[in-house]
Peer 1: 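One structure, as structure tokens, below. Some questions next.
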Number of protein chains: 2
Amino acid sequence: MPLKVRKNRAPEPYPECPLAVCMSLISGAWTPHVIWYLSAGPRRFGELRHDMPAVSAKVLTARLRDLEKRGVLSRSVHPTSPPSVEYALTPLGRELMPAIQAIVEISRRLADQRSAD
Amino acid sequence: MPLKVRKNRAPEPYPECPLAVCMSLISGAWTPHVIWYLSAGPRRFGELRHDMPAVSAKVLTARLRDLEKRGVLSRSVHPTSPPSVEYALTPLGRELMPAIQAIVEISRRLADQRSAD
DNA sequence: CGGCATCCTAATAGATACTG
DNA sequence: CAGTATCTATTAGGATGCCG
């Protein structure tokens, strides 16, 4: 059993791999969407769920916790009633925007091309 | 049982989801790396394995087949001895480069910042 | 050289029900 | 409102061995 690397993720510990650092922050099917919807400004849990109706609460929670741990976003609890929790991009999170932006633009262009057929 | 969507992938069929089209082409831990290493020009299977020592042959094959099926790259077999197979980006594949490029640049900047600490 | 077949683990994600 | 708990399913990826 040789070496046992972390599975299902880009192998971060290889510096010769030029995409690894950023990929480890945006990998996951929902991660880029979360970052995208936060790029316009802070947003609450329920609003994010509304933005992405197809994601389950569990998965959204998991992604948010993960991104918080990695320093991409911040989580602030407002002890009101009913309680509200706000998520916002950190400076690190904002550094990822060029990639997300590029993905959005390519998606739009490809979608346009398809509908033009 | 309501609607049964495709699992473990960004939900392509939601047009209101602005990242879906591109994400469906670059999702997967190794996919962006493959596209990146092909961006400099056509490349053979063995060369790609050399570029990404951490990927197994099986996974690399799977990613290449997948990308070929989606029209991102082309596969051409040269019936020499020993056989050689060359992969190259298609025009569609080249459209994805801005996103890959952005990921590479962010990775480099973040790596620089870390080493500057 | 460039695969494919087989078996395996781990990560991601979905459904549903429940809670402070 | 913003989660947590539990259970299950799908998939990505890894290890190994064989083949034209």
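So that the names make sense, note that chain A is the first sequence line, chain B the second, and so on, each numbered from 1. Owing to the predicted nature of the structure, the values given are computational and were not obtained by experimental measurement.
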Peer 1: Looking only at heavy atoms, what is the nearest atom pair of A/W30 and A/M52, with distance?
Peer 2: CE3-SD, 4.1 Å
Peer 1: Would you kindly give the CG-to-C1' distance between B/L64 and D/dG13, to the nearest whole Å?
Peer 2: 15 Å
Peer 1: Any side-chain heavy atom of B/V34 within less than 4.5 Å of one from B/L73?
Peer 2: yes
Peer 1: Considering only side-chain heavy atoms of B/K58, which listed nucleotide, D/dG14, C/dA13, C/dG3, is closest?
Peer 2: D/dG14
Peer 1: Using ring centroids (six-membered ring only for Trp), state whether B/H33 and B/W36 fall under 6.0 Å.
Peer 2: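 No.
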Peer 1: For residues A/L96 and A/I26, report the shortest heavy-atom separation together with the two atoms involved.
Peer 2: CD1-CG2, 4.0 Å
Peer 1: How bent is the helix from C/dC1-D/dG20 to C/dG20-D/dC1, measuring the angle between the end axes built from five pairs each, rounded to 10°?
Peer 2: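 What I find for the helix from C/dC1-D/dG20 to C/dG20-D/dC1 is an axis angle of 50°.
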Peer 1: How many whole angstroms separate atom NE2 of B/H78 from atom C1' of C/dG2?
Peer 2: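 One finds 13 Å between C1' of C/dG2 and NE2 of B/H78, rounded.
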Peer 1: Could you tell me which non-hydrogen atom of B/V21 sits nearest to which non-hydrogen atom of A/S107, and how far apart they are?
Peer 2: N-OG, 3.8 Å
Peer 1: So, B/R109 and A/E95, do they make that salt bridge, N to O below 4.0 Å?
Peer 2: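 Yes, this pair counts.
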Peer 1: Is there a side-chain polar atom (N or O) of A/R44 under 4.0 Å from OP1 or OP2 of D/dA2?
Peer 2: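 So the side chain of A/R44 is within the cut-off, an N or O lying under 4.0 Å from OP1 or OP2 of D/dA2.
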Peer 1: Looking only at side-chain N and O atoms, does B/R75 come under 4.0 Å of OP1 or OP2 in C/dG3?
Peer 2: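 For C/dG3, OP1 or OP2 has a side-chain N or O of B/R75 closer than 4.0 Å.
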Peer 1: Give one of base, sugar-phosphate or nothing for A/R49, where a contact means two heavy atoms less than 4.0 Å apart.
Peer 2: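 The answer is nothing, as A/R49 stays clear of every strand by at least 4.0 Å.
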Peer 1: State which of C/dA13, D/dT4, C/dG3 makes the closest approach to the side chain of A/T61.
Peer 2: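 Side chain of A/T61 sits closest to D/dT4.
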Peer 1: Using atom CD of A/E47 as one end and atom C1' of D/dG3 as the other, report the distance to the nearest whole Å.
Peer 2: 16 Å
Peer 1: Using atom CG of A/L48 as one end and atom P of D/dG3 as the other, report the distance to the nearest whole Å.
Peer 2: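 The distance from CG of A/L48 to P of D/dG3 comes to 10 Å, rounded to the nearest Å.
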Peer 1: In whole Å, what is the span from the CG atom of B/L60 to the C1' atom of D/dA15?
Peer 2: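 Atom CG in B/L60 sits about 16 Å away from atom C1' in D/dA15.
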Peer 1: Take atom CD1 of B/I26 and atom C1' of D/dA12, then tell me their distance rounded to the nearest Å.
Peer 2: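 Distance, rounded to whole Å: 16 Å.
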Peer 1: Select one nucleotide: of D/dG14, D/dG3, C/dG2, the one nearest the side-chain heavy atoms of A/V85.
Peer 2: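 Nearest nucleotide to the side chain: D/dG3.
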Peer 1: Given C/dG14, is OP1 or OP2 found less than 4.0 Å from the side-chain N or O atoms of A/W30?
Peer 2: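 Looking at the OP1 and OP2 atoms of C/dG14, one of them is under 4.0 Å from a side-chain N or O of A/W30.
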Peer 1: Any idea which of C/dG2, C/dA15, C/dA5 is nearest the B/F45 side chain?
Peer 2: C/dG2
Peer 1: Go nucleotide by nucleotide along DNA chain C from the 5' end; which of B/A62 and A/V55 gets its closest nucleotide reached first?
Peer 2: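 Closer to the 5' end of DNA chain C: B/A62.
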Peer 1: Just how far, in rounded Å, is P of D/dC1 from NE2 of A/H50?
Peer 2: 12 Å
Peer 1: Let me confirm one number: the CD1-SG distance from B/I100 to A/C22, rounded to the nearest 0.5 Å.
Peer 2: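 So the CD1 of B/I100 and the SG of A/C22 are separated by 10.0 Å.
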Peer 1: May I have the distance from A/D51 (atom CG) to D/dA2 (atom P), rounded to whole angstrom?
Peer 2: 12 Å
Peer 1: Looking at the side chain of B/P83, which of C/dC1, D/dG3, D/dG13 is the nearest nucleotide?
Peer 2: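 The listed nucleotide nearest to B/P83's side chain is C/dC1.
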Peer 1: Between A/R75 and A/Y87, does any side-chain donor sit less than 3.5 Å from a side-chain acceptor?
Peer 2: yes
